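Written below as structure tokens is the structure these notes are about.
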Amino acid sequence: MLEIKNLRKSFGGKPALRDLSFSIGKGEIHGLLGHNGAGKSTTLGIILGMVMADSGEVTIDGISVSSHRSQALRKVGAIFEAPAFYDYLSGWENLRILMGYSGGFDAAAAQKTVEEVGLTQRIHSKVRTYSHGMRQRLALAQALLPEPDLLLLDEPTDGLDPEGIKWFREFILNLRDSRGMTVLFNSHLLAEVELMCDRVTILRQGELVFEGAIDGLREETDRFTADLDCWEKAMPVILSNGGNMAAPGIIQIPHGSDPSILLSALVQAGIKLRSFSPVRRSLEDVYMELLEGKKM
């Protein structure tokens, strides 16, 4: 659905993107991660034709953004940077005006979308009376009105409360499941990315450091925190069963191994186990390792 090939972009002689390439399949929710200045917003700006790349190519469903911008973006919806509205007008009037800029306003379609994003009761109120969460819902309605196949979201949950974040996550997952919509979004909320995304792209200083399924970020070993009565006696048993000590109180075994075999061996050796539970490395752990240049 979206293919990015060898993008390069510099601002004032400082590279923002360095030969960036990645792709997104149809019906996929894809996370774009990176620290401030990593090149995430620059990438979205180039995809939307708002920033001119120094070199490289972006195609949406096979259509070049640089050569045929209007055609390529016809089925694209976006929330890019801070959504701007006419505060002295109602949400409905904003949708009518903003959609008129891009080809016409369909009142029936707008009403349906307003209901979907949960703004029916306040759509005729002035936007200046809206909370941050309501503004984000209005921006989402605007992005969805072209009935896009591809939705681009720039930090869409920034500033939302936990309830708003949960609503947003469930709404985006439903768009993928019910409409087959493709979604690319960047976020600093790594827990949300982990819950929502099929695949991720991670940038560091404009360079690609990882692209692939979230499962591809998992370690090759499984780790468990254990409370044993005698580690000196337990270590030979752990080692003989393919494990080792990853850290104080942490046992590491090959990924996919059955931990019950090790547990049984420990019990048979007369070692008392007070607790034994998995340690799950989060996407945040992986992200920080990549940014620090560590080998996973």
Side-chain angles (χ1 to χ4, degrees), residues 22 24-25 27-35 38 157 161-163 165-170 172-174 176-177 183 185-205 207-296:
F22 68 93
I24 302 175
E28 178 183 318
I29 298 179
H30 196 102
L32 184 61
L33 304 178
H35 55 74
T157 58
D161 59 24
E163 182 180 355
I165 292 171
K166 180 176 183 292
W167 177 89
F168 173 84
R169 179 177 69 244
E170 293 175 349
I172 295 301
L173 288 171
N174 182 64
R176 190 267 312 275
D177 296 340
V183 181
F185 75 98
N186 74 51
S187 176
H188 290 297
L189 299 178
L190 303 182
E192 288 302 309
V193 171
E194 196 167 23
L195 288 171
M196 290 175 59
C197 291
D198 304 301
R199 298 170 69 243
V200 295
T201 291
I202 301 178
L203 306 182
R204 181 181 61 206
Q205 296 178 352
E207 293 183 319
L208 178 73
V209 294
F210 180 85
E211 179 199 0
I214 287 182
D215 286 344
L217 293 169
R218 303 302 183 208
E219 292 182 292
E220 295 179 357
T221 58
D222 295 330
R223 296 185 180 193
F224 299 84
T225 179
D227 185 4
L228 311 177
D229 65 348
C230 182
W231 281 98
E232 184 176 350
K233 183 179 178 181
M235 279 310 301
V237 179
I238 294 170
L239 292 171
S240 66
N241 282 272
N244 58 56
M245 180 80 75
I250 304 295
I251 297 173
Q252 182 172 279
I253 63 175
H255 181 66
S257 299
D258 186 352
S260 66
I261 296 174
L262 174 59
L263 290 174
S264 178
L266 288 168
V267 171
Q268 289 177 10
I271 298 165
K272 294 181 180 179
L273 284 148
R274 286 179 286 272
S275 66
F276 188 85
S277 58
V279 176
R280 183 167 179 265
R281 189 175 63 158
S282 70
L283 181 57
E284 182 170 7
D285 297 330
V286 177
Y287 173 71
M288 293 309 298
E289 289 175 14
L290 288 168
L291 293 187
E292 293 168 5
K294 295 179 180 179
K295 183 178 179 180
M296 294 194 307

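Predicted, not measured: the structure shown is a model, and the values here were computed from it. Computed over heavy atoms, backbone and side chain alike; hydrogens, waters and symmetry mates excluded.
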Centroid-centroid distance, His30 to Phe185, less than 6.0 Å: no
Close side-chain approach of [X] and [Y], heavy atoms under 4.5 Å:
{"X": "Leu239", "Y": "Met245", "answer": "no"}
{"X": "Asn241", "Y": "Ile261", "answer": "yes"}
{"X": "Leu173", "Y": "Arg176", "answer": "yes"}

Where the side chain of [X] meets the backbone of [Y], is there a donor-acceptor pair that is under 3.5 Å apart?
{"X": "Ser257", "Y": "Pro254", "value": "yes"}
{"X": "Arg274", "Y": "Leu228", "value": "yes"}
{"X": "Glu28", "Y": "Gly25", "value": "yes"}
{"X": "Asp258", "Y": "Ser260", "value": "yes"}

To the nearest 0.5 Å, what is the distance between [atom1] on [X] and [atom2] on [Y]?
{"X": "Leu32", "Y": "Thr201", "atom1": "CG", "atom2": "OG1", "answer": "6.5 Å"}
{"X": "Leu266", "Y": "Lys233", "atom1": "CG", "atom2": "NZ", "answer": "10.5 Å"}
{"X": "Asp227", "Y": "Lys272", "atom1": "CG", "atom2": "NZ", "answer": "12.5 Å"}
{"X": "Asp161", "Y": "Lys166", "atom1": "CG", "atom2": "NZ", "answer": "12.0 Å"}
{"X": "Leu33", "Y": "Asn186", "atom1": "CG", "atom2": "CG", "answer": "8.5 Å"}

Do you know which two heavy atoms are closest between [X] and [Y], and how far apart they sit?
{"X": "Gln205", "Y": "His35", "answer": "N-NE2, 3.7 Å"}
{"X": "Ala234", "Y": "Ile271", "answer": "CA-CD1, 3.3 Å"}
{"X": "Ala269", "Y": "Val237", "answer": "CB-CG2, 3.9 Å"}
{"X": "Asn244", "Y": "Ile238", "answer": "N-CG2, 3.6 Å"}

Side chain to side chain contact (heavy atoms under 4.5 Å, CB included) between Phe224 and Ile253, intermediate numbers included: CA-CA 8 Å; Phe224 299 84; Ile253 63 175; 3.6 Å; yes
Intermediate values then yes/no, side chain to side chain contact (heavy atoms under 4.5 Å, CB included), Phe168 and Met196: CA-CA 10 Å; Phe168 173 84; Met196 290 175 59; 4.1 Å; yes
Side chain to side chain contact (heavy atoms under 4.5 Å, CB included) assessment of Trp231 paired with Ile251: CA-CA 11 Å; Trp231 281 98; Ile251 297 173; 3.8 Å; yes
Side chain to side chain contact (heavy atoms under 4.5 Å, CB included) between Cys197 and Val200, worked out: CA-CA 7 Å; Cys197 291; Val200 295; 4.2 Å; yes
